[in-house]
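We name chains A, B, ... by the order of the sequence lines, and we start the count at 1 in each one.
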Protein chains: 2
Amino acid sequence: MDAAAAPLDVAVDLVVLTLRGGKLSVLLVQREDAPFAGAWALPGGFVRPEEDLLAAAHRVLDSEASLGREHTYLEQLRTYGDADRDPRGRVISVVHMALGANLPDPVSGDGAADARFWDLAEIDAGALAFDHAEILTAAVERARSKLEYTTLATSFLPAEFTISQLRGVYESVWGTSLDPGNFHRKATRSPGFVVDLGKQTDGTGGRPARLFSAGEGAILNPPLLRGGE
Amino acid sequence: MDAAAAPLDVAVDLVVLTLRGGKLSVLLVQREDAPFAGAWALPGGFVRPEEDLLAAAHRVLDSEASLGREHTYLEQLRTYGDADRDPRGRVISVVHMALGANLPDPVSGDGAADARFWDLAEIDAGALAFDHAEILTAAVERARSKLEYTTLATSFLPAEFTISQLRGVYESVWGTSLDPGNFHRKATRSPGFVVDLGKQTDGTGGRPARLFSAGEGAILNPPLLRGGE
DNA sequence: CGAATAGTGTCTATTAGACAATATCAG
DNA sequence: CTGATATTGTCTAATAGACACTATTCG
């Protein structure tokens, strides 16, 4: 097993998801150079020799999306490494998923002509560079699935939020509509999911809502299943 | 984003799980060379320049465990890439999980003094090489978790099996005991999980059991949850 | 007040789990 | 028959989802 190693280029690519106007949106950058010049792609960058993978992902997040470590969830998804996935040569890509609330409009970084969030529905998957359409599809399905059995949904929201806003996350990401009453009960009774802050919103044309923050728990037990309701 | 790339060594490491005598067991190889000479480690090897990651994992599986592609489930888990995880230098490891039924005793391959399956309970986690204890723990937890919501359990069994054997997989991997009657109902009614072959076992001191094969489904809906019963 | 949103109550069909009962083999 | 394992039946408590109802604000 200690046979000769042949070094390969290792990159991190990011699927940065946020909600904009109730639509699940992803950050894409427009490529300036070949290959795929002019095409849209996931933000990414090569891993530096002394840099941990997670640190590389944070650096890319900061440099391509001006997003610091605050209020941004970051998690490794999986690694794409088919020998022919990059026409320039062998590149292994460790894909991470980042989630955040109200992410700012990005400023285009190095090698990018433009950068902006796209409503998922308006993306032409066939036009994405490399294997990024496949990566994006897998990442979105992972996010949808993780909403069921983890407390990930709170990552899409600011530090203080209402149950309606939380329900809006589920509805936007899953593309379904949920019963407000039943959702309220399930969310507030699920241990570790949300913490009642004892504060209220200003009324916005209805009864003021209580404010909650994200709880300590990471796993939702029992899970909040899709498909039902 | 097309900034200079600094090539890094990329390896695949394998967590090969099987059931031996009702115990969840993992394949470990004893290292011959420094670092960690004499210590036990997960089987692994470097990825070749023209080789897909999955192909590299299959190659390692074959060379270190004499396991071909038949009857072996193989899935990428996650990638470990901390800058200091290997004292020889920077090595990125793409960890895969393999599952199989009745896996044969391995023959030690290159760079390995010995290779064998270990009952998980008898492994001294502190003695494993590199960060392999952490990797192993995460992989086992992943396997336990995937039994709940996927049909993965059938990967631990031969092509034809009884519901009791399937229940035995759950009991061994989860370390719990399950009600035979309730389990039988849930397994046989879960769409896509098992297919009744219309055959029976020879009696082994009790009523003969029907034989089943793995169904086409990959996801268990509803899931078979732990913790209850 | 009426409209709108938040939150609670209630009913019913379904389900999980405990446990009993029946089925079918070996010896 | 006895012992063992497989499979099905039954009962009960808990739950999910449908939907009605109450609460609290704004205009």
| message | Side-chain N or O of A:Arg210 versus OP1/OP2 of C:dG7: is the shortest distance under 4.0 Å? | response | yes

| query | Nearest-Å distance, CG (B:Asn221) to P (C:dT15)? | reply | 11 Å

| request: For A:Gln200 and D:dC26, give me the distance from atom CD to atom P, rounded to whole Å. | output: 11 Å

| said: Measuring to OP1 and OP2 of C:dA6, would you say a side-chain N or O of A:Ser164 lies under 4.0 angstrom away? | reply: yes

| field | Side chains of A:Asp131 and A:Asp82 in contact at under 4.5 Å (non-hydrogen atoms) | value | no

| With distance as the sole test, does A:Tyr170 use its side chain to make a donor-acceptor pair with the main-chain N or O of A:Leu178 at under 3.5 Å? | no

| To the nearest angstrom, how far is A:Phe183 atom CZ from C:dT8 atom P? | 14 Å

| said: When you compare the side chain of B:Leu224 with that of B:Leu147, does any pair of heavy atoms fall below 4.5 Å? | reply: no

| request: Tell me which nucleotide among D:dT7, D:dC19, C:dG7 gets nearest to the side chain of A:Asn182. | output: D:dC19

| said: Taking 4.0 Å as the cut-off, does a side-chain nitrogen or oxygen of B:Lys186 come that near to OP1 or OP2 on C:dT15? | reply: no

| message | In whole Å, I'd like the distance from the CG atom of B:Leu224 to the P atom of C:dT15. | response | 14 Å

| Hey, is the side chain of A:Arg167 poking within less than 4.0 Å of OP1 or OP2 on C:dG7, counting only N and O atoms? | no

| Within this structure, what is the CG-to-P distance between A:Leu211 and C:dA6, rounded to whole angstrom? | 11 Å

| field | 5' precedence on DNA chain C between A:Arg189 and A:Gly205 (nearest-nucleotide basis) | value | A:Gly205

| task | Please state whether the phosphate of C:dA4, meaning OP1 or OP2, lies under 4.0 angstrom from any side-chain nitrogen or oxygen of A:Arg207. | result | no

| query | Quick one: A:Arg185 CZ to D:dT15 P, roughly how many Å, whole number? | reply | 12 Å

| message | Under 4.0 Å from OP1 or OP2 of D:dA6: is there any side-chain N or O of B:His184 that close? | response | no

| task | Rounded off to whole Å, could you give me the CG-to-P distance for the B:Asp179 and D:dT10 pair? | result | 17 Å

| Donor on one side chain, acceptor on other, A:Ser25 and A:Thr18, under 3.5 Å | no

| request: Verify, without hydrogens or angle tests, whether A:Ser172 (side chain) and A:Val169 (backbone) share a donor-acceptor contact under 3.5 angstrom. | output: no

| remark: Whole-Å distance, A:Lys199 NZ to D:dT25 C1', equals 19 Å

| Most 5' of B:Pro222 and B:Gly206 on DNA chain C, judged by nearest nucleotide | B:Pro222

